[in-house]
Amino acid sequence: MTFRPLHDRVLVRRIEAATKTAGGIIIPDTAQEKPQEGEVVSIGSGARAEDGTITPLDLKAGDKILFGKWSGSEVKLNGEDLLIMKESDVLGVLA
């Protein structure tokens with residue numbers, strides 16, 4: 001199944017955080033926070049203004065991004081946990 005977000009929304013795959021610290025301590029699943037880093041899977045067509053014009057998004061598929069801790073809605077597509085969020089929830093693109 002394919003999925004394309006609408007308007008100014010993006011579909012994001014979380015990038016899993018390391019399960020071990022730099023000192024070699026293993027962090028149990030119960031103590032780990034959800035990662036705030038992800039990869040854009042697909043994007044919508046853009047934000048629509050009141051006059052009907054469409055402003056394209058600054059993001060593109062494949063961008064590595066940072067987003068807020070509580071950003072987006074979790075969905076499960078093809079057995080994979082993904083996030084759908086507005087472009088404005090994205091804090092920045094990692095270079």
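Reckoned from all heavy atoms, side chains included, excluding hydrogens, waters and symmetry mates.
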Contact list for residues 49-58, test side-chain hydrogen bond (donor to acceptor under 3.5 Å, both in side chains), sequence neighbours left out: Asp51-Thr53

Could you work out, with side chain to side chain contact (heavy atoms under 4.5 Å, CB included) as the rule, every residue matching [X], not counting sequence neighbours?
X	value
Ile54	Arg48
Lys60	Asp63
Ala95	none
Ser73	none

Return the [atom1] to [atom2] distance between [X] and [Y], rounded to the nearest 0.5 Å.
X	Y	atom1	atom2	answer
Leu6	Ile43	CG	CD1	12.5 Å
Glu87	Asp8	CD	CG	7.0 Å
Ser71	Gln36	OG	CD	8.0 Å

With a 4.5 Å heavy-atom cut-off, do [X] and [Y] have their side chains touching?
X	Y	value
Leu11	Pro5	yes
Leu59	Val90	yes
Val12	Val41	no

Mind listing the closest non-hydrogen atom pair of Arg14 and Phe67 along with its distance? NH1-CE1, 3.7 Å

So which heavy atom on His7 is nearest to which on Leu57, and how close? O-CD1, 4.2 Å

Verify the cluster assignment for Leu91 and Ile65: are they in a single hydrophobic cluster under the rule of side-chain heavy atoms below 4.5 Å apart? no

Starting from Val75, can I reach Phe3 by hopping between I/L/V/M/F/W/Y residues whose side chains sit under 4.5 Å apart? yes

Which pairs would a plain distance check flag for residues 79-86, meaning a side-chain donor or acceptor within less than 3.5 Å of a matching protein atom at least two apart in sequence or in another chain?
residue, atom, partner, partner atom, Å
Glu80, OE2, Arg13, NE, 2.5

